[in-house]
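Scroll down for the structure; my scribbles are underneath it.
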Amino acid sequence: MREFEMETEVPDFSFWIFLASIDWRDPWLIGLIGFHIIITLMAILTRNHGNFQVVLFLTLLLLVYFSENINELAANNWRIFSKQQYFDSKGLFISIVFSVPILLNCMIMIASWLWQSSQLMAQLKRAQLQKANKVQTKTD
């Protein structure tokens with residue numbers, strides 16, 4: 001039997017070192033952080049406004065979908081708004097600082113929708129049981 005040895009290369013990547021290497025005082029990054037804070041607040045504060053949340057959710061998913069195009073555009077024009085070239089060809093930077101927070105906000109909205117759905121189903125079941133009890137007491 002012939003043994004095949006497979007070489008595995010482990011990249012020297014540390015998430016925390018990567019985050020530490022970013023100049024967070026760059027004005028556009030401060031704006032991006034502000035954007036994420038505003039989106040998070042909107043996701044939480046509008047949890048009872050279903051139509052708005054659906055529009056927000058779809059808009060956020062579209063932003064994530066087009067993040068590769070945004071990354072390419074930013075890579076070509078980074079000198080206009082940034083001190084450093086952060087936008088690599090694999091999209092690691094934009095995925096971490098742009099797409100992941102947006103997807104976390106989408107998860108918050110989905111969790112809120114599931115919670116509201118479970119509460120609504122519980123209310124419906126209580127109403128059904130109360131109606132059944134009323135009908136039963138009338139027949140007795």
Side-chain angles (χ1 to χ4, degrees):
M1 183 172 183
R2 195 170 167 192
E3 287 187 35
F4 291 99
E5 222 175 281
M6 189 170 161
E7 286 187 36
T8 57
E9 193 175 309
V10 179
D12 294 334
F13 175 76
S14 171
F15 180 73
W16 301 112
I17 292 173
F18 176 75
L19 287 179
S21 68
I22 298 171
D23 181 13
W24 293 103
R25 292 169 294 173
D26 210 345
W28 78 273
L29 281 171
I30 293 170
L32 183 64
I33 292 168
F35 167 78
H36 288 310
I37 290 170
I38 289 169
I39 294 298
T40 302
L41 288 173
M42 284 173 56
I44 293 169
L45 296 175
T46 64
R47 66 185 176 273
N48 295 325
H49 303 280
N51 291 336
F52 180 80
Q53 282 227 321
V54 168
V55 170
L56 179 62
F57 183 79
L58 293 175
T59 303
L60 292 176
L61 288 182
L62 280 172
L63 283 172
V64 171
Y65 179 78
F66 288 112
S67 65
E68 184 178 350
N69 298 13
I70 295 169
N71 184 55
E72 187 177 327
L73 183 67
N76 292 332
N77 301 303
W78 68 272
R79 286 179 185 85
I80 297 171
F81 60 90
S82 182
K83 297 175 188 171
Q84 296 180 30
Q85 163 56 303
Y86 292 111
F87 305 97
D88 58 332
S89 62
K90 294 185 180 187
L92 177 67
F93 177 76
I94 199 161
S95 294
I96 290 175
V97 301
F98 183 72
S99 297
V100 168
I102 287 176
L103 291 173
L104 289 174
N105 282 318
C106 289
M107 287 175 49
I108 288 170
M109 285 189 275
I110 290 172
S112 172
W113 295 341
L114 289 173
W115 173 258
Q116 289 173 352
S117 295
S118 68
Q119 296 303 307
L120 189 60
M121 288 191 320
Q123 286 176 351
L124 177 65
K125 195 60 180 175
R126 272 189 235 110
Q128 287 174 342
L129 290 173
Q130 287 174 352
K131 185 176 179 182
N133 284 340
K134 285 181 185 178
V135 169
Q136 186 176 10
T137 55
K138 285 182 182 180
T139 57
D140 287 341

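For clarity, every value in this text was computed on a predicted model and none was experimentally measured.
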Joint hydrophobic cluster, Leu61 plus Leu63, side-chain heavy atoms closer than 4.5 Å: yes
Contact check, side chains of Tyr86 and Trp78, non-hydrogen atoms, under 4.5 Å: no
Interatomic distance, Ser99 atom OG to Ile70 atom CD1 [nearest 0.5 angstrom]: 7.5 Å
Within-4.5 Å side-chain heavy-atom neighbours: Leu120 and Leu124: no
Shortest non-hydrogen separation from Asp26 to Ser82 and the atoms involved: OD2-OG, 3.1 Å
Shared hydrophobic cluster for Leu114 and Met109 (ILVMFWY, side-chain gaps under 4.5 Å): yes
Residue Ile17 excluded, over 12 heavy atoms near CD1 under 6.0 Å: no
Spacing of CZ belonging to Phe98 relative to CG belonging to Leu103, to within rounding of 0.5 Å: 10.0 Å
Minimum heavy-atom distance Ala75-Gln85, with the two atoms named: O-NE2, 3.5 Å
Pairwise side-chain contact, Leu41 with Thr46, heavy-atom cut-off 4.5 Å (strictly under): no
From Gln116 atom CD to Arg47 atom CZ, the distance as rounded to the nearest 0.5 Å: 8.0 Å
Flag if over 12 foreign heavy atoms under 6.0 Å of CH2, Trp115: no
Side-chain donor/acceptor of Asn71 to backbone N/O of Asp88, under 3.5 Å: yes
Nearest heavy-atom neighbours spanning Ile30 and Trp24: CG1-O, 3.5 Å
Hphob cluster co-occupancy, Ile38 + Ile102, side-chain heavy atoms under 4.5 angstrom: yes
Asn51 side chain near Val54 side chain, heavy-atom distance below 4.5 Å: no
Min side-chain heavy-atom separation Phe87-Asn77 under 4.5 Å: no
Flag side-chain contact, heavy atom, 4.5 Å: Val97 against Leu32: yes
Shortest non-hydrogen contact from Lys134 toward Thr137: O-OG1, 2.9 Å
Asn105 side, atom CG; Ile108 side, atom CD1 - distance, nearest 0.5 Å: 5.0 Å
same_hphob_cluster(Ile110, Val55) at 4.5 Å side-chain heavy-atom cutoff: no
Hphob cluster co-occupancy, Phe57 + Met107, side-chain heavy atoms under 4.5 angstrom: no
Main-chain N/O of Asn48 paired with Gln53 side-chain donor or acceptor, under 3.5 Å: no
Gln128 CD to Asn133 CG distance, which is reported to the nearest 0.5 Å: 12.0 Å
Ile94 side, atom CD1; Glu72 side, atom CD - distance, nearest 0.5 Å: 11.0 Å
Salt bridge (charged side-chain N to carboxylate O under 4.0 Å, His left out) assessment of Arg25 paired with Asp23: CA-CA 5 Å; Arg25 292 169 294 173; Asp23 181 13; 3.4 Å; yes
